[in-house]
Amino acid sequence: MNKMIKIIITLAIVMTGLMISGCTDSEPAPQQQFNHNLPVVPVAVDVTIGEALADPYAHETIRVTGIVNQTINVTGYTYMEITDSTGSLWVAGYSTQLNNGTEITATGNLNIEFTSPTMGRTFDIILFADSISGGNTSVSNSPHGSGTIVTGDINVTPVDGSTRIEDIKSMSAQLDGQVVKVSAEVVKNVVLIDEYFLTLDDGTGQLKARCPNTFNVSQGDSVVVTGSVMTDVDLGSGYYYEVLLQITDVE
């Protein structure tokens with residue numbers, strides 16, 4: 001009797017092992033794990049100026065090529081009118097020198113009914129460029145994908161105890177790990193799973209910041225934020241930032 005029981009137990013163990021082995025072999029390979037906390041970088045779509053004017057909401061980021069007709073320089077920025085065979089479009093980018101007749105390619109986001117206080121005019125449609133190239137000029141983002149969005153005339157009055165963005169960048173080594181207060185406008189807001197990835201602008205420069213989504217922050221908001229300065233931040237997948245602000249409070 002004991003011998004029979006041992007045989008049954010042995011057969012049961014063998015069958016169980018075969019079943020486990022069979023299940024393991026039939027299971028699909030584990031799917032690649034993606035880091036969903038990284039900002040999504042939209043792909044620029046090549047369009048003509050006519051296409052951009054006809055449907056400015058068709059694409060989040062576009063790339064257009066045209067001939068410079070005129071340029072207007074204001075503090076920190078250059079406005080330029082470009083044309084192709086389908087129409088003309090105003091582009092705003094960081095200060096640069098371009099001759100009329102130069103062909104340029106601009107990449108960025110379209111904005112509707114934008115009013116420039118400095119120029120005293122409203123543009124029906126304007127391209128805020130984060131990359132402009134052509135002729136002898138090349139003004140673009142950080143090659144590490146940090147992204148700089150030009151949004152026109154910004155001049156935020158600092159509050160007591162706040163630090164200007166240009167000072168944070170110029171003194172980043174000394175401020176690394178320190179808590180600062182920044183008065184700025186949110187010029188871009190990428191919504192992630194558990195945080196916002198913001199671009200702040202106070203008129204002296206732009207600064208990337210990570211903000212918990214427990215705060216209510218939207219693009220276009222004027223905010224006073226408090227956070228820790230971080231330098232040489234590598235988030236992986238090509239997302240590298242010389243300076244990044246980790247926000248802990250929003251007023």
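Checked by atom type, the side-chain pair Asp84/Thr48 shows no donor-acceptor distance below 3.5 Å. For the residue pair Ser88/Thr83, the side-chain donor-acceptor check at 3.5 Å is not satisfied. Side-chain atoms of Ser162 and Ser183 include no donor-acceptor pair closer than 3.5 Å. Lys208 and Thr199 share a side-chain donor-acceptor pair at under 3.5 Å. Between the side chains of Glu195 and Asn213, no donor N or O sits under 3.5 Å from an acceptor N or O.
Ring centers of Tyr196 and Phe215: at least 6.0 Å apart, outside the cut-off. Checked against a 6.0 Å centroid threshold, the rings of Phe197 and Tyr241 count as neighbours.
Test Ile168, Ile165, Thr226, Val225 against Val180 for side-chain contact (heavy atoms from CB on, under 4.5 Å) and you get one pass: Ile168. The only member of Thr105, Thr107, Ile104, Ile82 that meets side-chain contact (heavy atoms from CB on, under 4.5 Å) when paired with Val64 is Ile82. Only one option out of Leu244, Thr231, Asp167 pairs with Ser172 in a side-chain contact (heavy atoms from CB on, under 4.5 Å); it is Thr231.
In plain terms, the two heavy atoms of Arg164 and Pro158 that are nearest each other are NH1-CD, 3.4 Å. Taking each heavy atom of Val229 and Leu245 in turn, the nearest pair found is N-CD1, 4.1 Å. The shortest non-hydrogen separation linking Asn189 to Ser218 is ND2-CA, 3.9 Å. Here the shortest heavy-atom pairing between Ile247 and Ala209 reads CD1-CB, 3.8 Å. Nearest heavy-atom pair across Glu166 and Thr204 is N-OG1, 3.1 Å. For the residue pair Met80 and Gly93, the shortest heavy atom distance occurs at CE-N, 4.4 Å.
Note that CG of Asn100 and CD1 of Ile67 are 10.5 Å apart. Values are rounded to the nearest 0.5 Å. Interatomic distance, Glu51 CD to Leu53 CG, rounded to the nearest 0.5 Å: 10.0 Å. A distance of 12.5 Å separates CG in Asn109 from NE2 in His59, rounded to the nearest 0.5 Å. Note that CG of Leu89 and CD1 of Ile125 are 7.5 Å apart. Values are rounded to the nearest 0.5 Å. Note: Asp124 CG to Asn111 CG = 11.5 Å, rounded to the nearest 0.5 Å. Taking CG of Leu175 as the reference point, atom CE of Met230 lies at 13.5 Å (rounded to 0.5 Å).
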Audit row: Trp90, Arg121, side chain to side chain contact (heavy atoms under 4.5 Å, CB included) steps and yes/no: CA-CA 12 Å; Trp90 278 94; Arg121 63 173 293 181; 3.7 Å; yes

Side chain to side chain contact (heavy atoms under 4.5 Å, CB included) evaluation trace for Val91 with Ile126: CA-CA 6 Å; Val91 177; Ile126 190 170; 5.9 Å; no

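Two residues are said to be in side-chain contact when any heavy atoms from C-beta on lie closer than 4.5 Å; Gln97 and Asn73 meet this criterion. Annotation: side chain of Glu81 is not in contact with side chain of Val68 (no heavy-atom distance under 4.5 Å). Residues Thr78 and Ile72 are not in side-chain contact: their nearest non-hydrogen atoms beyond the backbone lie 4.5 Å or more apart. When side chains are defined from C-beta on, Glu251 counts as touching Lys181, because their heavy atoms get closer than 4.5 Å. A heavy-atom distance below 4.5 Å is not found between the side chains of Val187 and Gln219.
By the 4.0 Å N-to-carboxylate-O rule, Lys169 lies too far from Glu242 to be salt-bridged with it.
Under a hydrophobic-cluster definition in which Ile, Leu, Val, Met, Phe, Trp and Tyr are linked whenever side-chain heavy atoms come within less than 4.5 Å, directly or via other members, Val224 and Val186 are assigned to different clusters. Phe123 and Phe128 fall within the same hydrophobic cluster, defined by Ile, Leu, Val, Met, Phe, Trp and Tyr side-chain heavy atoms under 4.5 Å apart, directly or through other members.
No donor-acceptor pair closer than 3.5 Å links the side chain of Asp176 to the backbone N or O of Ala173. Judged purely by atom type and a 3.5 angstrom limit, Thr86 uses its side chain to pair as donor or acceptor with the backbone of Gly50. Proximity of a side-chain donor or acceptor of Asp202 to a complementary backbone N or O of Val156 within less than 3.5 Å is not detected.
For Asp46, the side-chain contact (heavy atoms from CB on, under 4.5 Å) test picks out Arg63, with sequence neighbours left out. In this view, Glu113 satisfies the salt bridge (Lys or Arg N to Asp or Glu O under 4.0 Å) rule with no residue, not counting sequence neighbours.
Counting non-hydrogen atoms of neighbouring residues, nucleotides and ligands closer than 6.0 angstrom, the CG atom of Asp55 exceeds 12 such neighbours.
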